[in-house]
Amino acid sequence: MSNNLQPVLKALLLALMVSFTALPVMADNQYPASPLAALGGYSPVSYFKQGVPEKGSAQFHSNYKGTTYWFTDENQKQMFDAAPANFAPAFPNHCPYNLAMGRSEPIDPTNFKIVDGQLLLFHRSAEHNGRKRWEETIRSGAMTERELMKRAQSNFINIKF
């Protein structure tokens, strides 16, 4: 091997070693962990157990499907770890009302509702409140909650792909 190639090969080998060590750590569920807490740091367990959103702590966290969730204490973390699908939001990062209407809007983690055991987090801005529109749609008879959920689920699948 020529002496001119040795420094290049060493540099290439070093670059490969560094890139492999920088790969994201895979959680048990085979999804990479996110460095930021989902839901603005609110504990998904609190919505169900306390009926209100409560801020969690980075000290108590778990990863589920590539998303990091924070909890208020070890007990909440253990509850989540035992059945994460029971606590994670139905439409992560998407307002279900807007999904049902065929569009994507970010969530406000304090604007929520639990429907059939699923956590729904709605958009809220000065112009639009997804939860309020969801409930108005149901009250007006334009659609049932089940119809809104089906449309949101269908459009969520399309957005994911």
Side-chain angles (χ1 to χ4, degrees), residues 22-161:
L23 288 174
V25 176
M26 300 300 274
D28 289 340
N29 58 13
Q30 299 301 306
Y31 291 93
S34 167
L36 302 175
L39 313 179
Y42 288 95
S43 169
V45 175
S46 290
Y47 295 97
F48 292 92
K49 298 302 177 185
Q50 274 62 39
V52 296
E54 295 178 304
K55 281 284 191 173
S57 166
Q59 178 182 356
F60 309 106
H61 69 277
S62 289
N63 297 309
Y64 177 64
K65 292 188 175 182
T67 302
T68 301
Y69 293 98
W70 288 3
F71 309 97
T72 61
D73 56 34
E74 183 63 28
N75 184 48
Q76 281 195 355
K77 178 186 173 358
Q78 289 176 2
M79 290 173 71
F80 182 87
D81 289 346
N86 292 347
F87 296 103
F91 308 105
N93 304 315
H94 297 281
C95 170
Y97 175 78
N98 283 288
L99 282 173
M101 298 301 121
R103 50 187 188 258
S104 178
E105 290 287 341
I107 60 161
D108 171 349
T110 65
N111 195 18
F112 77 100
K113 181 176 185 175
I114 296 174
V115 174
D116 294 332
Q118 295 183 305
L119 176 60
L120 304 181
L121 300 163
F122 295 89
H123 175 78
R124 181 179 6 222
S125 64
E127 305 82 33
H128 180 70
N129 183 325
R131 180 176 174 183
K132 184 177 176 186
R133 298 290 302 271
W134 177 276
E135 291 170 354
E136 287 171 351
T137 300
I138 295 165
R139 270 194 308 274
S140 73
M143 273 190 256
T144 66
E145 196 154 61
R146 174 170 263 141
E147 290 169 325
L148 283 167
M149 284 294 287
K150 283 177 114 176
R151 286 182 68 173
Q153 288 166 341
S154 176
N155 289 332
F156 183 63
I157 291 168
N158 291 334
I159 287 173
K160 283 175 55 175
F161 297 102

| query | Between Glu147 and Arg151, is the closest basic N to carboxylate O distance under 4.0 Å? | reply | no

Test item: Thr137 side-chain N/O and Arg133 main-chain N/O as donor-acceptor pair under 3.5 Å
yes

In short, Trp70 meets Gly56 closest at the heavy-atom pair CE3-O, 3.7 Å

When rounded to the nearest 0.5 Å, the distance separating NE2 of His61 from CZ of Phe71 is 9.5 Å

* Asked: Does Asn129 use its side chain to pair, donor to acceptor, with the backbone of Arg124 at less than 3.5 Å?
  -> no

Closest non-hydrogen contact found for Phe122 with Gly130 is CD2-C, 3.5 Å

Aromatic rings Tyr64 and Phe80: how do their planes relate, parallel, tilted or perpendicular, breaks at 30° and 60°?
perpendicular

The side chain to side chain donor-acceptor pair (under 3.5 Å) partner of Ser43 among Lys49, Lys77, Glu54, Gln76 is Gln76

| task | Look only at the side chain of Lys55 and the backbone of Gly40, and say whether a donor-acceptor pair between them is shorter than 3.5 Å. | result | yes

Quick one, Leu39 and Pro89 - any side-chain contact, counting heavy atoms below 4.5 Å? yes

When rounded to the nearest 0.5 Å, the distance separating CE of Met143 from CG of Leu148 is 5.0 Å

Distance col, row Leu121:CG vs Phe91:CZ, nearest 0.5 angstrom, shows 10.5 Å

Arg131 and Phe112 have their tightest heavy-atom pair at NH1-O, 2.6 Å

Pro96 and Leu120 have their tightest heavy-atom pair at CG-CB, 3.8 Å

Interatomic distance, CD@Glu74 vs OG@Ser57, rounded to 0.5 Å, equals 11.0 Å

Quick check: Phe87 with Phe48 (ring centres under 6.0 Å apart)?
yes

Could you list the donor-acceptor pairs under 3.5 angstrom formed between side-chain atoms of residues 99-106 and any protein atom two or more places apart in sequence or on another chain?
from   : atom 1 : to    : atom 2 : distance (Å)
Arg103 : NE     : Asn98 : OD1    : 2.7
Arg103 : NH2    : Asn98 : OD1    : 3.3
Ser104 : OG     : His94 : ND1    : 2.8

Between the CG atom in Asn63 and the OG1 atom in Thr68, the distance rounded to the nearest 0.5 Å is 4.0 Å

I'd like to check Tyr42 versus Thr110 (side-chain heavy atoms, cut-off strictly below 4.5 Å). Are they in contact? yes

Between the CH2 atom in Trp134 and the OH atom in Tyr97, the distance rounded to the nearest 0.5 Å is 10.0 Å

Main-chain N/O of Pro109 paired with Tyr47 side-chain donor or acceptor, under 3.5 Å = yes

What one should report as the nearest heavy-atom pair of Ile138 and Thr144 is CG1-C, 4.2 Å

Tightest non-hydrogen contact, residues Asn111 and His123, listed as ND2-O, 3.2 Å

